[in-house]
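Note sheet for the following structure.
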Amino acid sequence: MTEFGNLVLSGLTSGAIYAVLAVCLALWFRVANMLNLAAGDFAMIGALGVDLLVRVHGWNLGLSILAILVVIALVAFAYDFVVLRIAVDWGRAQEGIVAIFFFTFALSFVLEGIAQQVFGTVVHAAPALWPGNALDFHGLHVQRAGVLVIGFALVVGVGLALCLRFTLVGKAMAACGENPIGARIVGIDSRRFRRAIFVLTAVLAGVFGILGSPITGFVYNSGAGLGLSGVVAAAFAGFTRPGRAVAAGLSIGLLESFLSGYVNTAYGETLLYGVLAAVMLFRPQLMGLPEVAR
Amino acid sequence: MTSSPPRPRRWSPSADLLGRAAGPTGTAIWVTSLAILAVVALQGGYYGSVLVLGIAYAIVTVGMAVQIGYSHQLAFSQSVFMGMGAYGVAILDTRYGWPVPLALPVVVLGSGLVGAAVGSVVTRAPGLALALATVLFPIPVTTYVTYSDYLGSYTGIGGIAPLWAGDSASDSLIRSGIASALLLGLCVFACGRILRSGIGLELAVSSDERSAGALGIRTSRRKLELFVLGSMLAALGGAVFAGTQTVVSSDIFSQVSELTLLVMLFVGGCRSLVGAVVGAIGIEYLAGSATFVNTHLLIIEGVLLTVVLLFEPGGLAAIVVNAVRRVPGSVPARVDHGPPAPVPRAAPAGPVRPGRAEGIAPAADAPALVCRGVSKRFGGLVAVDEVSLEIPGRGLYGICGPNGAGKSTLLELISGGLRLDAGQVLVEGRDVSRWSAAERAQHGVARTFQTVRLIPHLSALDNVAIACLRSHRTSMIEAVVRSELEEARERAYAALARVGSAHLAAVDPGRLTLEGQRMVEMARAIAAGPRLLLLDEPASGLSGDQRGRLRELLLSLGAEVTVVVVEHDLELLATIAGQLFVLINGRLRFQGDGDGFRRSDLVRSELMGLVEGSYAADPSR
């Protein structure tokens, strides 16, 4: 029973990160009709960047976090300003699925390449924001970082949901994705929304990288796996429904945790991706993907 | 019989890229001989081994050009199949002592079977699901291989015999390199044949499911064949990799190697076989020649991919082709269209020929089309409500009604674009109610769309030729052996001449006027010799003059086949259609001939009130 409880807790913790990434992806997809495959890499930069500043350069923790988040925001802004502006606003991108995939796919690899040069190839983690041993509730071990992650995920998730549902900004955002030209006609600047959401979600991913990194640690290429889990979770929500994206992210975290706990530690991730690929192929209608793929 | 306008001697589709400019045989011979020359010239040194590695990758990217570039099937499973080929050869050779030349075909065929098994599942998924699911493939496979002692875990398997052994290491490398170059040439030839055959045309349509169905193309089968082709070429590339590098490790499966393959393809040119080869060898050479490139490979590849997608999605191949086109006199940029031919009054190119449906004999005296209690619901809305009608045979039949009456839906139900909720559709006595759109098209049901659906980047002629391909029923292998493209183009040309648009044969449909586009679509519909021709608002958007020409054409078509026209232009319909059907709110409310139509109170109140046209003002006509 205790083992089960611990597996649930660790599953919820990693699931919370997937969920947040999935929400970020869904949000941006709604606005820009593109998939951000680089979301996980922003998380990686957050964790490894703070670690580099604090451990190697001896900066103050708070200052490091601030500096790294600013860097992430600038990188995201620059990417949008240079690449996406040419691709989307100048109409240079190929239509459909190629645009959806390749642009941020390439960004992901560039970020990993830079991280490889700057951070090296050793596993590191940002210093814990709430230091100390795991909390112990009657045999249930709760990582302090896990508590932070889940708590912040709740705040972000609920906040975004309320914003989307009840504010004019939220509705305008949805309009951008539904019909970019229509949105522009009624005076919504879909480009500004695309840029704002891209920067915002990159920073959010960075925050979760920093919060969650004490649990697992990061290497230069761990963003890809993280981002993929987020993409898959978002896919199960048809890339448009943030609420379902959260549920899917948590389920994927739990599934991963159970598979490595009860079946095989080494193959946990392998099994997870196998199961996800199978669901995606046999039940594509779960995801509302047909419309997206057009 | 009037003579048809002079036919242009060469039909070179305007958007052709380098790989298709030369014939498949010529291209393959060039590629092979240049590769062999380079292998021999490099004398089996370090750069020789880099080149041979590039050739192995080129075999994979050639397959990707067909799969991703031409038919937009975005599957990221190449690196996995490449690894399967490499490890397959490595294990058969080192563990069981098979010589590599024997192991290679066995492994490639085995991978083809695996590809067929995996493909039969994955190609059913919609495009994005296919891409996402296959992106996940490398992760579990890499993990499995690195944990498996049988597969050599982290270090991989070494000591594989060369593809073609020689006296020394460098001698073996040269010989194996020559063998790989020959294999590459073979792949370029096979893929070139596929693209040059009718399949190449079909692949261009397969991303538009509705058009593909209307043309009788079974996209599911083509998608599977493509997946198997891509898998087998990837496995062959992997096998060549193992047989020339003599060591394999799990790196080959990784997502990085998948990215490298994509970068090679897109930099070289995703819609060109030669481009794919040049991209693969060039990138490999770049990575092998400078340490800086090798250590910063991720950044460089990511930036390259972005730059190519942003500024020239056709890659190097497109840059070269465009540059060559700018040199005056080098390549005829466009075939001269000549003056527009007058619309023929009599049928100049002979009657509409019985097409691919000729094998099935029509039931004796069966009416051309029968609908019995046909219904279709969209949620709570009953779009078509128990419509029963019978169309005896040859002639023009009109369906009209106010907006939203269910006319187009009824047409979709007859052509198979939508599934029936209830009722039956019989075409010449055969119940086609459960058939797919593609099957109905093969049975001789042809149609046009309300908004024209032609394939961009293919000439008007090729757009029509697609409908004439018998290859819808054949497999890709048959298409490689025997191409029927020229025959299909002959028939397509006749069909274009039939609708008076032969002078448009070489033009890209994007450059045509609406009338031109509608005529090309009409030619596409009649080219295969349909039993039943369904036209969805052929006159909408046309001017008075153009409508006049359309009227003549419809009359002459109606003399040969059964034509059902959905139209808002009541004047046009009433004067040409032998029988008219009026749909209102999904129900059939009137049927009768033109005179009855004019006198009908229902028509006056329901239709004339809505259409304030010249006809309503002058009922005596």
Side-chain angles (χ1 to χ4, degrees), chain A residues 35 37 79 82-83 86-87 90 92-94 96-117 220-221 224-225 228-229 231-232 235 239 266-274 276-287 289-294, chain B residues 68-69 72-74 76-77 118 120-147 207-209 254-256 258-260 262-263 266 270 295-314 456:
Chain A
L35 272 182
L37 293 178
Y79 180 77
V82 178
V83 177
I86 300 177
W90 294 9
R92 269 301 183 37
Q94 290 186 323
I97 199 161
V98 174
I100 285 180
F101 249 92
F102 286 140
F103 280 104
T104 55
F105 196 50
L107 172 66
S108 160
F109 278 88
V110 171
L111 291 180
E112 283 179 19
I114 295 171
Q116 191 185 16
Q117 300 297 318
Y220 75 98
N221 64 359
L228 267 182
S229 303
V231 169
V232 173
F239 294 109
Y267 292 140
E269 201 187 33
T270 308
L271 285 170
L272 172 73
Y273 288 119
L276 293 179
V279 174
M280 218 178 292
L281 294 170
F282 287 103
R283 288 268 166 274
Q285 59 271 37
L286 265 184
M287 304 188 280
L289 275 182
E291 309 95 79
V292 176
R294 283 289 140 86
Chain B
I68 297 178
H72 306 287
Q73 183 181 63
L74 209 50
F76 295 110
S77 47
V118 174
S120 63
V121 177
V122 299
T123 56
R124 273 188 224 150
L128 193 54
L130 173 69
L132 281 177
T134 47
V135 160
L136 298 176
F137 282 178
I139 301 173
V141 176
T142 317
T143 322
Y144 176 74
V145 172
T146 50
Y147 279 106
S207 51
D208 181 357
E209 300 253 349
S254 69
Q255 286 181 310
V256 177
E258 185 67 47
L259 176 81
T260 306
L262 285 171
V263 171
F266 277 90
C270 63
T295 48
H296 295 76
L297 197 61
L298 282 172
I299 305 178
I300 293 172
E301 288 187 342
V303 171
L304 263 180
L305 184 59
T306 312
V307 170
V308 168
L309 287 177
L310 280 185
F311 296 106
E312 186 48 90

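To find a chain, count down the sequence lines: A is the first, B the second, and so on, and within it residues start at 1. As the structure is a computational prediction, the values presented were derived from the model and not from experiment. Computation of the quantities below employed the complete heavy-atom set of this structure, encompassing side-chain atoms and omitting hydrogens, waters and symmetry-equivalent molecules.
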So, taking the atom named [atom1] in [X] and the one named [atom2] in [Y], what distance separates them when rounded to the nearest 0.5 Å?
X      : Y      : atom1 : atom2 : value
B:T306 : A:F103 : OG1   : CZ    : 7.0 Å
B:T295 : A:Q117 : OG1   : CD    : 5.5 Å
B:E258 : A:F109 : CD    : CZ    : 9.0 Å
B:L132 : A:L35  : CG    : CG    : 6.5 Å

**Message:** To check you understand the geometry: which heavy-atom pair defines the closest contact between A:V83 and B:L310, and what is its length?
**Reply:**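 Distance-wise, the nearest heavy atoms are O-CD2, 3.7 Å.
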**Message:** So B:L136 and A:L276, do their side chains get closer than 4.5 Å, heavy atoms only?
**Reply:**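 Result yes, sub-4.5 Å side-chain heavy-atom pair found.
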**Region of B:L262 that comes under 4.5 Å of a non-hydrogen atom in chain A** =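 Contact with chain A: side chain only.
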**Request:** Count the heavy-atom pairs under 4.5 Å between each of B:V121, B:T134, B:I68 and chain A, then report the option with the highest count.
**Result:**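 Answer, by heavy-atom pair count under 4.5 Å with chain A: B:V121.
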**Prompt:** For chain A, which of B:T143, B:V307, B:L259 has the most heavy-atom pairs under 4.5 Å?
**Reply:**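 Greatest number of close heavy-atom pairs with chain A: B:L259.
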**Request:** Would you please indicate if the ring centroids of B:F266 and A:F102 are separated by under 6.0 Å?
**Result:**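 Yes, they do, as the ring centres are separated by less than 6.0 Å.
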**Asked** For A:L228, is it the side chain, the backbone, both, or neither that has a heavy atom closer than 4.5 Å to a heavy atom of chain B?
**Response**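 Contact with chain B involves the side chain of A:L228 alone.
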